[in-house]
Amino acid sequence: VPDSQYGLYVWPCAVVLAQYLWAHRRSLPAKRVLEVRPAPRPLPRSGAALLTNALRFQIGAGVALPGVVAARCGARVILSDSEELPRCLQSCRSSCRSNRLPRVPVLGLTWGRVAPQLLALAPIDIILGSDVFFDPKDFEDILTTIYFLLEKNPHAEFWTTYQVRSADWSIEALLHKWNLKSTHVPLHSFGADKEHLASSSLPGRHTIEMMIISLARAEGT
């Protein structure tokens, strides 16, 4: 599998985000969700396997574990991955078929690019993204896209998990630049502070964090 097709694997952050969705499954029906995808990176040495009417959008979905969990819990989900990686888009579709979700839409989107598919998106409530903050050179493109989506959907939130790879990496300045704010979500608050979740070997000993990003509103608004 080429390095650019890393999206064919389940990564530790995806299992943690799926656990958060499962812990909040009663809030998912009638939500509209988009799942988005991270930028290309090297493959891991090994991978692992998977785990009531909201529109959720998962950006950079890869094998789409969080989006599949949201859809199985009743959310109305749209999956997305890079339009330049057709094998990853096909992986999203295969995951949906395997989980009896043949009608979940899969879109080709790219960070930082305002494509017609992005402009035509229906209103959304939640954006999902696991391990999208992998390479600092992509951070601004990611947050530009998130800002665009949140501006169109001011009450929406971006639920994201990330792996801590360097103490020097930060998105705080970019959050301020794009009028966004983040709220840290402790893993113990949804039972994800463990090495093994959902009968899998993930997240293992990786340091995973979760945050919710939303528009930073002025006081009194």
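Owing to the predicted nature of the structure, the values given are computational and were not obtained by experimental measurement.
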Apply ring pair (Phe, Tyr, Trp, His ring centres under 6.0 Å) to Y162 and list each qualifying residue two or more places apart in sequence or on a separate chain. none
Quick check: does any side chain N or O of D135 sit under 3.5 Å from a backbone N or O of K137, one acting as donor and the other as acceptor? yes
Looking at every heavy atom in both P66 and S130, which two are closest together, and how far apart are they? CG-OG, 4.4 Å
Contacts of P116 meeting side chain to side chain contact (heavy atoms under 4.5 Å, CB included) (sequence neighbours excluded), chain-then-number -> none
Just by modelled atom types, is the L119 backbone N or O under 3.5 Å from a matching donor or acceptor in the K152 side chain? yes
I208 CD1 to L187 CG distance, which is reported to the nearest 0.5 Å: 8.0 Å
Results of salt bridge (Lys or Arg N to Asp or Glu O under 4.0 Å) for R205 - residues two or more places apart only: E195
Can any side-chain N or O of Q117 pair as donor or acceptor with the backbone N or O of L109 at less than 3.5 Å? no
CZ (R103) and SG (C96) are apart, to the nearest 0.5 Å, by 13.0 Å
Report yes if the side chains of R72 and R100 come closer than 4.5 Å at any heavy-atom pair, otherwise no. yes
For the pair L121 and L107, evaluate side-chain contact (heavy atoms from CB on, under 4.5 Å) and give the outcome as yes or no after the intermediate values. CA-CA 10 Å; L121 275 175; L107 302 180; 3.6 Å; yes
Atom OG of S95 and atom CD of Q90: how far apart are they, to the nearest 0.5 Å? 10.0 Å
Please give me the minimum heavy-atom distance between W169 and P136, naming the atom from each residue. CE2-CG, 3.4 Å
Show the nearest heavy-atom pair for residues V77 and A71, with the distance to one decimal. CG2-N, 3.6 Å
With respect to W111, which candidate in D141, L143, T144 satisfies the side-chain contact (heavy atoms from CB on, under 4.5 Å) definition? D141
Any idea which heavy atoms bring A192 and Q19 closest together, and the distance? CB-CG, 4.0 Å
May I ask you to test the R165-F134 pair for a side-chain heavy-atom distance under 4.5 Å? yes
For the atom pair NE2 (H206) and CG (D131), what is the distance rounded to the nearest 0.5 Å? 9.5 Å
Identify, with sequence neighbours excluded, every residue that meets ring pair (Phe, Tyr, Trp, His ring centres under 6.0 Å) alongside F190. Y20
Any sub-3.5 Å donor-acceptor pair from T160's side-chain atoms to G129's backbone N or O? yes
Where L21 and L28 come nearest, the two heavy atoms and their spacing: O-CD1, 3.9 Å
Look up atom CG in L17 and atom CE in M210, then write down how far apart they are to the nearest 0.5 Å. 5.5 Å
Applying side chain to side chain donor-acceptor pair (under 3.5 Å), which residue pairs with at least one partner in residues 172-187 are found, sequence neighbours left out? E140-K177, E140-W178, H184-E209
Taking all atoms of both residues into account, what is the closest heavy-atom pair of L150 and L215, and its distance? O-CD1, 3.5 Å
Test of understanding: with side chain to side chain donor-acceptor pair (under 3.5 Å), list the residues that count as partners of R113, not counting sequence neighbours. E83, E84
For the residue pair L149 and L118, establish whether any side-chain heavy-atom pair is separated by less than 4.5 Å. yes
Find the distance between CG (N153) and CD1 (I126) and round it off to the nearest 0.5 Å. 11.5 Å
